[in-house]
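Accompanying notes for the structure given below.
Excluded from the calculations below are hydrogen atoms, water molecules and symmetry mates; all remaining heavy atoms, backbone and side chain alike, are included.
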Amino acid sequence: AIFRIITSICGFIRARKYPEHQSKDPERRQPWFPIVPGLPANRFYDEDTFPWVDLLKKNHKAIRNELKALIVDEHSMSPHRADPDGVPGWKDLNFIGAGDRNMESVNRCPKTGNLLSELPAILYAGLVALEPGRHISPHYGPTNGIIVCHFGIMNCEGSYVNVDGEIREYKDGELVAFDDTYIHTAINTSDKTRYTLMFFTPHPTLTDLEQKLIIKSFHIATDPDRH
């Protein structure tokens, strides 16, 4: 099974050298890191797919309390990026990036930071704020080997994610997990800032060895200093 990860890596190298030869996906996905063959092509994954979700649920109030203390400072979160048309995107406080812990963030929210360290195989994790009325432009993620997860922390009512035409609402204390290689967008229709804990984790059907390999290859692919 490990050869499917190697196939994906080889496809990534080939696509970087010969972009015109990048393969097309029959599911209409457009990742920039080639599709890992043989994985289920689900748009969403039920929260009980992930055995660690109970740990998040048990600590929901503790995470929310740290968040409330954090956002007293309106500059506590940084703008992530603007859409191509210049519209601001979301804001975040990064706890884990490229597999490395951001100790400044962990010190500001120690319960949240230490909780994240208990979750297996996390590539990125951060508290994310989506302001009232904000609509993130449709976009694609990098690879089907990595699943995007949002755990609702506060003010989730009235916000949702649209993944290739399939819609799921965000809810406080619940997990929304999806394959972001499908075109997707997030919308906050409420008059309050929506807060979630967002993180990237390897596809649940990958073996432990495959998860380690895709994490390593993804870090190399996204870090220009390692090229």
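The two residues Tyr182 and Ala41 have their closest heavy-atom pair at OH-O, 2.8 Å. Nearest heavy atoms, Cys109 versus Phe95: CB-CZ, 3.7 Å. Smallest separation of non-hydrogen atoms from Gly152 and Thr196: CA-CG2, 4.1 Å. Taking every heavy atom of both residues into account, Trp52 and Cys149 meet most closely at CH2-SG, 4.1 Å. Listed here is the closest heavy atom pair of Asn144 and Ile147: O-CD1, 4.4 Å.
Of the residues Ile183, Ile167, Ile187, the one that meets the side-chain contact (heavy atoms from CB on, under 4.5 Å) test with Asn162 is Ile167. His203 pairs in a ring pair (Phe, Tyr, Trp, His ring centres under 6.0 Å) with only one of the listed residues (Tyr45, Phe178, Phe50), which is Tyr45. Checking Leu127, Val128, Ile71 one by one against Tyr195, the side-chain contact (heavy atoms from CB on, under 4.5 Å) holds for a single residue, Ile71.
With rounding to the nearest 0.5 angstrom, the CG atom of Asn59 is 8.5 Å from the OG1 atom of Thr112. Atom-to-atom distance recorded for Phe200:CZ and Ile96:CD1 is 12.0 Å, nearest 0.5 angstrom.
Distance alone, capped at 3.5 Å, is enough to place a donor-acceptor pair between the Asn155 side chain and the Thr193 backbone. Although no hydrogens or angles enter the test, the distance criterion places a donor-acceptor pair under 3.5 Å between the side chain of Asn188 and the main chain of Leu130. At distances below 3.5 Å, not a single donor-acceptor pair connects side-chain atoms of Asp92 with backbone N or O atoms of Asn94. Using a distance-only test at 3.5 Å, with no hydrogens or angles considered, no donor-acceptor pair links the side chain of Thr143 to the main chain of Ile146. Side chain of Ser190 to main chain of Lys192: a donor-acceptor pair is present (N/O by atom type, distance under 3.5 Å, no hydrogens or angles). The closest donor-acceptor contact from the side chain of His135 to the backbone of Gly133 lies at 3.5 Å or more, if one exists at all. Side chain of Asp179 to main chain of Thr181: a donor-acceptor pair is present (N/O by atom type, distance under 3.5 Å, no hydrogens or angles).
Inter-residue side-chain proximity for Trp90 and Ile136 is flagged as met; some heavy-atom pair is nearer than 4.5 Å. Put simply, the side chain of Val176 reaches to within 4.5 Å of the side chain of Phe44, judged on heavy atoms. The side-chain heavy atoms of Asn102 and Leu93, taken from C-beta on, include no pair separated by under 4.5 Å. At a threshold of 4.5 Å between non-hydrogen side-chain atoms, the residues Val53 and Lys57 count as touching.
Defined by atom type and a distance below 3.5 Å, a donor-acceptor pair is present between the side-chain atoms of Asn114 and Arg101.
Residues that satisfy the side-chain contact (heavy atoms from CB on, under 4.5 Å) test with Ala121, not counting sequence neighbours, are Pro202, Gln211, Ile215. Shown here are the salt bridge (charged side-chain N to carboxylate O under 4.0 Å, His left out) partners of Glu157, two or more places apart in sequence or in another chain: there are none. For Tyr170, the ring-ring contact (aromatic ring centres under 6.0 Å, His included) partners two or more places apart in sequence, or in a different chain, are His150.
A salt bridge does not link Glu66 with Lys68: every distance from a Lys NZ or Arg NE/NH1/NH2 to an Asp or Glu carboxylate oxygen is 4.0 Å or more. Taking the charged nitrogens against the carboxylate oxygens, Arg43 and Asp164 do have a contact shorter than 4.0 Å, which makes a salt bridge.
Separation of the His184 and Tyr140 ring centroids does not fall under the 6.0 Å cut-off.
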Audit row: Ser76, Lys91, side chain to side chain contact (heavy atoms under 4.5 Å, CB included) steps and yes/no = CA-CA 9 Å; Ser76 58; Lys91 296 180 179 179; over 6 Å; no
